[in-house]
Amino acid sequence: MGKALTAIFPGSFDPMTNGHIDIVGRCLSTFDKIIIAVLSNPGKTTLFTVEERMSLLQKEFSAQKERVEVRSFSGLLVDFANEVKTSVIIRGLRAISDFDYEAQMALMNRSLGGVDTFFLMAREENSYVSSSIVRQVAALGGSVSRLVPAHVEQALKGKFAQASK
Ligand code: ADP
């Protein structure tokens, strides 16, 4: 038997969207295991804490616990990749506008740590789904039910109900 193939799917996941779920699902047909790596960056303000972001992901993938692991990381992604003994990063691409930044990061990660990035095109229906759009719509009281699973929508409602108190 060959070596188990593990890939890291890094991001902010603030919060997780249907776009993220789709990428994980599609990766599972190629990779044995996916480590979702949630960025913990104290310098960046997020709507959800790192624990909240992780717990939403864990809830979503609870049925695939054996193959989908949720972890947090800080610092250089290549150091985290070394720590978990993987040299594959997965990223999703929505539009050409994602390309410049992603190319920079991929080249940097390759030269810093010999880690390669594999890109998956977002599904058409998810091309305009982003965590920031979800946060903006939810903040204004709009429905995000087509963009995120129900438990994430609930968590957003909880946040903005708190904020308006
Ligand atoms: P980051 O701040 O690192 O971009 P995100 O949580 O926004 O973190 O995104 C994490 C990964 O998920 C990125 O590779 C991003 O391109 C991908 N992604 C985000 N939204 C979608 C989507 N709608 N469809 C496919 N991939 C997506």
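When a ligand or atom number is given, it counts from 1 through the structure's own listing order. Values reported hereafter were calculated over all heavy atoms of this structure, with side chains retained and with hydrogens, waters and symmetry mates removed.
Considering every non-hydrogen atom in both Phe48 and Asp14, the closest pair reads N-OD1, 2.9 Å.
Each of Phe9, Pro10, Gly11, Ser12, Phe13, Gly19, His20, Ile23, Arg91, Gly92, Arg94, Ala122, Asn126, Val129 has a non-hydrogen atom positioned under 4.0 Å from some atom of ligand 1.
Screening Ile34, Val24, Leu28 for a side-chain contact (heavy atoms from CB on, under 4.5 Å) with Gln64, the sole residue that qualifies is Leu28.
At least one donor-acceptor pair closer than 3.5 Å links the side chain of Arg91 to the backbone N or O of Pro10.
With respect to the salt-bridge test (charged N to carboxylate O, under 4.0 angstrom), the residues Lys159 and Glu52 qualify.
Val129 and Phe61 fall within the same hydrophobic cluster, defined by Ile, Leu, Val, Met, Phe, Trp and Tyr side-chain heavy atoms under 4.5 Å apart, directly or through other members.
Side chains of Phe73 and Val38 form no contact here, defined as non-hydrogen atoms less than 4.5 Å apart.
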